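Remarks on the structure that follows.
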Number of protein chains: 2
Amino acid sequence: MSQSLDLKSAGLKSTLPRLKVLSLFESGNECHLSAEDVYKKLLAGGEDIGLATVYRVLTQFEQAGLLIRHHFQGDKSVFELNQGKHHDHIVCLQCGVVEEFYDATIESRQKKAAADRGFAMHDHSLYIYADCTKLKCPNNPFKKSLP
Amino acid sequence: MSQSLDLKSAGLKSTLPRLKVLSLFESGNECHLSAEDVYKKLLAGGEDIGLATVYRVLTQFEQAGLLIRHHFQGDKSVFELNQGKHHDHIVCLQCGVVEEFYDATIESRQKKAAADRGFAMHDHSLYIYADCTKLKCPNNPFKKSLP
DNA sequence: AACAATAATGAGAATGATTATCATTCGCAA
DNA sequence: TTGCGAATGATAATCATTCTCATTATTGTT
Ligand SMILES: [Mn+2]
Ligand SMILES: [Mn+2]
Ligand SMILES: [Zn+2]
Ligand SMILES: [Zn+2]
């Protein structure tokens with residue numbers, strides 16, 4: 001019952017819907033999911049849950065620091081498990097595959113850019129939109145759900 | 001009639017609504033405007049235009065390369081005149097003031113991050129969310145329209 | 001284990017941004 | 001000027017997300 005503890009230490013009651021959503025993110029290697037993705041995946045897995053609850057839980061998990069919200073190009077938010085290691089994202093415009101990367105130089109220069117101009121950086125978002133040149137397209141499980 | 005030519009060379013007919021929107025971006029130093037901002041500013045200036053037309057024209061201008069669309073944190077798109085010089089943005093979370101910056105090292109490391117992983121970068125977005133530490137808040141004209 | 005206080009859920013309505021419809025109007029070339 | 005295809009704008013529709021509120025579940029306490 002480790003997830004139950006995860007929720008409690010986040011100040012959230014351990015409820016069935018919350019456990020289902022958390023399990024989905026923890027079990028899967030499909031890391032970047034929209035609310036609709038989560039809802040459909042749970043239904044497809046035989047779990048019952050309401051869409052409004054999915055939206056609520058995702059927002060609560062984000063506020064609790066369990067999930068990170070992203071705004072990739074397009075209208076809907078996507079979420080990933082917060083594993084404590086900050087990274088940025090490369091998104092293939094053809095197939096939607098997402099690859100993560102971290103560049104210490106970029107990170108430090110961002111902070112400096114803000115500081116030099118009298119801003120205290122709270123957060124930042126860096127998304128690289130690219131073409132994976134077909135290296136990864138064929139076997140990307142998200143291919144179908146692209147705009 | 002230089003704007004008329006701007007439109008023609010972009011493959012767009014020179015119409016009154018398009019000229020009004022283009023003028024607003026070219027004349028103003030308030031660079032980052034949402035569709036609603038554009039609509040209200042034109043109405044406030046005595047110009048008549050439909051909201052649907054504003055949305056259409058903004059998208060057309062974006063596709064023609066006249067404007068650049070941004071997705072700052074929040075739901076609505078904001079647009080700025082494309083003046084040919086790429087830059088990234090720092091957005092104050094308190095007052096909404098936007099400051100532009102350019103860091104050649106960040107730019108080149110982004111391209112390298114993509115290339116190293118087999119991606120051809122098409123585009124990227126980098127937004128720094130910060131606190132302007134009250135240096136700029138008081139006189140930011142956008143202060144009122146924050147979430 | 002059953003209870004009560006309280007928070008969580010979920011079906012559906014409401015919202016806000018954006019897009020689609022379609023009858024009317026306009027720009028432009030002949 | 002005339003005509004035709006493109007553009008406009010009032011309105012309806014759409015899409016993601018949030019809100020409402022009656023019902024249900026969780027948890028600490030008998
Ligand atoms: Mn980063
Ligand atoms: Mn940049
Ligand atoms: Zn791809
Ligand atoms: Zn400020």
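Below, read A as the first sequence line, B as the second, and so on, with proteins coming before strands; counting in each chain starts at 1. We use all heavy atoms of the structure for the numbers below, so side chains are in, but hydrogens, waters and symmetry mates are not. From a predicted model like this one, the values you see are computed outputs, not experimental measurements.
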Interface polar pairs with nucleotides 27-30 of chain D, N/O, under 3.5 angstrom:
{"residue": "D:dT27", "atom": "OP1", "partner": "A:S14", "partner atom": "N", "Å": "3.3"}

Whole-Å distance between [N] [atom2] and [X] [atom1]?
| X | N | atom1 | atom2 | result |
| --- | --- | --- | --- | --- |
| B:I49 | C:dT25 | CD1 | C1' | 15 Å |
| A:L58 | C:dT9 | CG | P | 12 Å |
| B:Y39 | C:dT18 | OH | P | 15 Å |
| B:L19 | C:dC26 | CG | P | 15 Å |
| B:D48 | C:dC26 | CG | P | 12 Å |

Quick tally for nucleotides 16-24 of chain D: nucleotides whose base has a protein heavy atom under 4.0 Å get B, sugar-phosphate-only ones S, the rest -, giving SBBBB----
Give me the atom names and distance for the closest heavy-atom approach of A:C132 to A:C95.
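Minimum heavy-atom contact is SG-SG, 4.0 Å.
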Nearest heavy-atom neighbours spanning B:K13 and B:L7:
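Shortest heavy-atom contact: O-CD1, 4.2 Å.
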B:E100: side-chain hydrogen bond (donor to acceptor under 3.5 Å, both in side chains) partners, not counting sequence neighbours
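Here the qualifying residues are B:H32, B:H87.
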Can A:H124 and A:H86 be said to form a side-chain contact (heavy atoms from CB on, under 4.5 Å), step by step?
CA-CA 11 Å; A:H124 68 270; A:H86 168 75; 3.1 Å; yes
pair A:L43-A:K40: side-chain heavy atoms closer than 4.5 Å
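Answer no - side chains too far apart.
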Would you sort out whether A:F25 and A:V38 count as a side-chain contact (heavy atoms from CB on, under 4.5 Å), showing the intermediate values?
CA-CA 9 Å; A:F25 279 99; A:V38 170; 3.9 Å; yes
